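For clarity, every value in this text was computed on a predicted model and none was experimentally measured.
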Amino acid sequence: MSGLEIERKFLVRKKGDAYKSAAFSCSHIQQGYIPSDAATVRIRRRDDKAYLTIKGKSADGGLSRYEFEKEISLDEALQLLKLCRGGIIDKHRYLVKSGNHVFEVDEFHGDNDGLVMAEVELTSPDEPFDKPDFLGPEVTGDRRFYNKHMLKEPFSTWRHTLPEEYR
């Protein structure tokens, strides 16, 4: 897959774990990043599949950017993960349908334990969508919530800056 990625990110209210009961799918994801100044180069293992993803820089506050993604073998992913720097992001992803969209809800582990975020992909920046009840404030464009950034400054070091229902 390649093309323009348009997505919005939100914090998730954790009270009651509503996103888990609404999910139609759950997978385990581990991902790392290969150092690059020109783009974000991610290696991801999702259950029994693996992907190489390259994302360009955003020119509109994190709302959209070019994305290239290709499925690779698990063996290739394991070798490429050795080239990653800064550690590995470990999370579970829940897929939740809301109206015509699917929200990806990520529950983070390790140094980012306690953080739960949702994102929705859109076809245009102003496309309307139905917000599930568990969504909290929008964090699109806030670098603290980029997976790559959370390797350098994990949630455990700044979780106190968020209201209790989001930590």
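Ile29 shares a hydrophobic cluster with no other residue; no ILVMFWY side chain has heavy atoms under 4.5 Å from its own. By the 4.5 Å side-chain criterion applied to Ile, Leu, Val, Met, Phe, Trp and Tyr, Leu95 is assigned to a cluster that also includes Phe24, Val102. Side-chain contacts under 4.5 Å among hydrophobic residues (ILVMFWY), followed directly or transitively, place Tyr146 with no other residue at all.
Listed here is the closest heavy atom pair of Pro35 and Leu83: CD-O, 3.8 Å.
Expressed to the nearest 0.5 Å, how far NZ of Lys70 lies from OH of Tyr51 amounts to 12.0 Å.
Take Phe134 and apply the ring-ring contact (aromatic ring centres under 6.0 Å, His included) test, not counting sequence neighbours, and it matches no residue. Under the rule for a salt bridge (charged side-chain N to carboxylate O under 4.0 Å, His left out), the partners of Asp106 that lie at least two apart in sequence or sit in another chain are Lys91, Arg93. Residues meeting the ring-ring contact (aromatic ring centres under 6.0 Å, His included) test with His28, sequence neighbours left out: His92. Partners of Tyr33 by ring-ring contact (aromatic ring centres under 6.0 Å, His included), not counting sequence neighbours: none found. With sequence neighbours left out, the salt bridge (charged side-chain N to carboxylate O under 4.0 Å, His left out) criterion links Arg42 to Glu69. Listed by chain and number, the residues in a salt bridge (charged side-chain N to carboxylate O under 4.0 Å, His left out) with Glu165 are Arg13 (sequence neighbours excluded). Partners of Arg44 according to the salt bridge (charged side-chain N to carboxylate O under 4.0 Å, His left out) rule, which considers only residues two or more places apart in sequence or in another chain, do not exist here.
Evaluation of the side chain to side chain donor-acceptor pair (under 3.5 Å) test over residues 151-163, restricted to residues two or more places apart or in two chains, returns Arg144-Thr161. For residues 124-140, the pairs satisfying salt bridge (charged side-chain N to carboxylate O under 4.0 Å, His left out) are Arg8-Glu138, with sequence neighbours left out.
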